[in-house]
Amino acid sequence: MKRRAAPERVMGALLLVSLLTTESLLLAEGRVADALPLHLCSLSALLALGAAFHANQGSLDFLWYVGMPGALLALIFPAPASSRWQALLTASYVATHALIVIIPLVLMLQGQRPRRGRAPQVLITLQGMALSAFFVNRCLGTDFMFLSAPPADTPLETIFRLGYLPYLLALEALALSCCAVMGALLCVGRGKERSDPAE
C-alpha cells in the first residue's frame, strides 16, 4: 500500500509553490529588490516551510506569537504587491498567508506546542529583523516590514499621517499586542487542559 504524505508536508509543498510563484512574478518584472524575503510574512513563510518538513520549536514559537497573527492581519487588510499578473499574484498572496496560519495549526493538532513565556525572545528576534529591514530599505528604497510607509487601505495609514515616530510606535504596539494575545491564549489553553478530568 502506498504511504500517504503527512498533512503538514502537503501544506509545506503548497506553500513552496506559492512562494516560488510570488518570487517568479516579481523577478519576471525585474523587481529583484522586492523579491528579497524581508517582510514579516515572507520570513514567517520560510519558517513555516521549514517547520512543515522538520520540527523546530523556535520556528513554532515565532509563528505562534507574531507570524500567525501577522498573517491573519494581512488577510483581513490585504496589501499584495502590484503586478502585471495581478490575479495570480493576489492568489499567491492569499495562499501564502493562509498557509502561515494553517501549518502551525496542523502541527499543534499533532501534539506540538508553542512554549509559554517566549514572547520576549520572539520580540527581540523581531527587532533584529526589523533593524535589518530598515537598513535595506534605506539602501534600496524598498518598504520591507512597512517600515518606510504603511500598506495602502489599512488603518495604519491614519496613524502614519500623525508622523513617522507615532507610526513606528504603533508598529511596536501592534507586535506587543499580538504577543500578549497569543500568550494569553496559551495560558487559557493550558488551564483548560489541567481542568479536564483524567481519562
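Not measured: the values here are computed from a predicted model.
When all heavy atoms are compared, the tightest approach of Ser83 to Arg31 is CA-NH1, 4.2 Å. Taking all atoms of both residues into account, the shortest heavy-atom contact from Leu185 to Trp64 is CB-CZ2, 4.0 Å. Closest heavy-atom contact between Pro151 and Glu157: O-CG, 3.6 Å. Scanning all heavy atoms of the two residues, the minimum distance from Met129 to Phe62 falls at SD-CZ, 3.7 Å. The nearest pair of heavy atoms linking Thr90 to Pro80 is OG1-CG, 4.0 Å. Between Arg113 and Gln57, the shortest heavy-atom contact is O-NE2, 2.9 Å.
Between Tyr93 and Pro78, some side-chain heavy-atom pair lies under the 4.5 Å cut-off.
With rounding to the nearest 0.5 angstrom, the CG atom of Asn137 is 4.0 Å from the OG atom of Ser148. With rounding to the nearest 0.5 Å, the separation of CG in Leu126 from CG in Leu171 is 10.0 Å. To the nearest 0.5 Å, the span separating CG on Leu47 from CD1 on Ile103 amounts to 11.0 Å. Atom CG of Leu25 and atom CH2 of Trp85 lie 6.5 Å apart (nearest 0.5 Å). Separation of atoms CD (Gln127) and CD (Glu172) is listed at 4.0 Å; rounding is to 0.5 Å. The CZ atom of Phe146 sits 9.0 Å away from atom CG of Leu156, with the distance rounded to the nearest 0.5 Å.
Panel note: side chain Gln86, backbone Ala81; a donor-acceptor pair is recorded below 3.5 Å. The main-chain N or O of Gly128 is found under 3.5 Å from a side-chain atom of Ser132 such that the two form a donor-acceptor pair. When atom types are taken as modelled, the side chain of Ser18 and the backbone of Ser92 share a donor-acceptor pair closer than 3.5 angstrom. Distance alone, capped at 3.5 Å, is enough to place a donor-acceptor pair between the Asp61 side chain and the Arg115 backbone.
In this structure, Leu27 is not a member of the same hydrophobic cluster as Leu16, with clusters built from ILVMFWY side-chain heavy atoms closer than 4.5 Å. Under the 4.5 Å side-chain heavy-atom criterion for grouping Ile, Leu, Val, Met, Phe, Trp and Tyr, Leu75 is not connected to Leu88 through any hydrophobic cluster.
Classification of the Tyr164-Phe160 ring pair by plane angle, with boundaries at 30° and 60°, yields perpendicular.
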Name each donor-acceptor pair under 3.5 Å that joins a side chain in residues 35-46 to protein atoms two or more places apart or in another chain, with its distance.
unit_1	atom_1	unit_2	atom_2	d
His39	ND1	Met145	N	3.0
Ser44	OG	Leu40	O	2.9

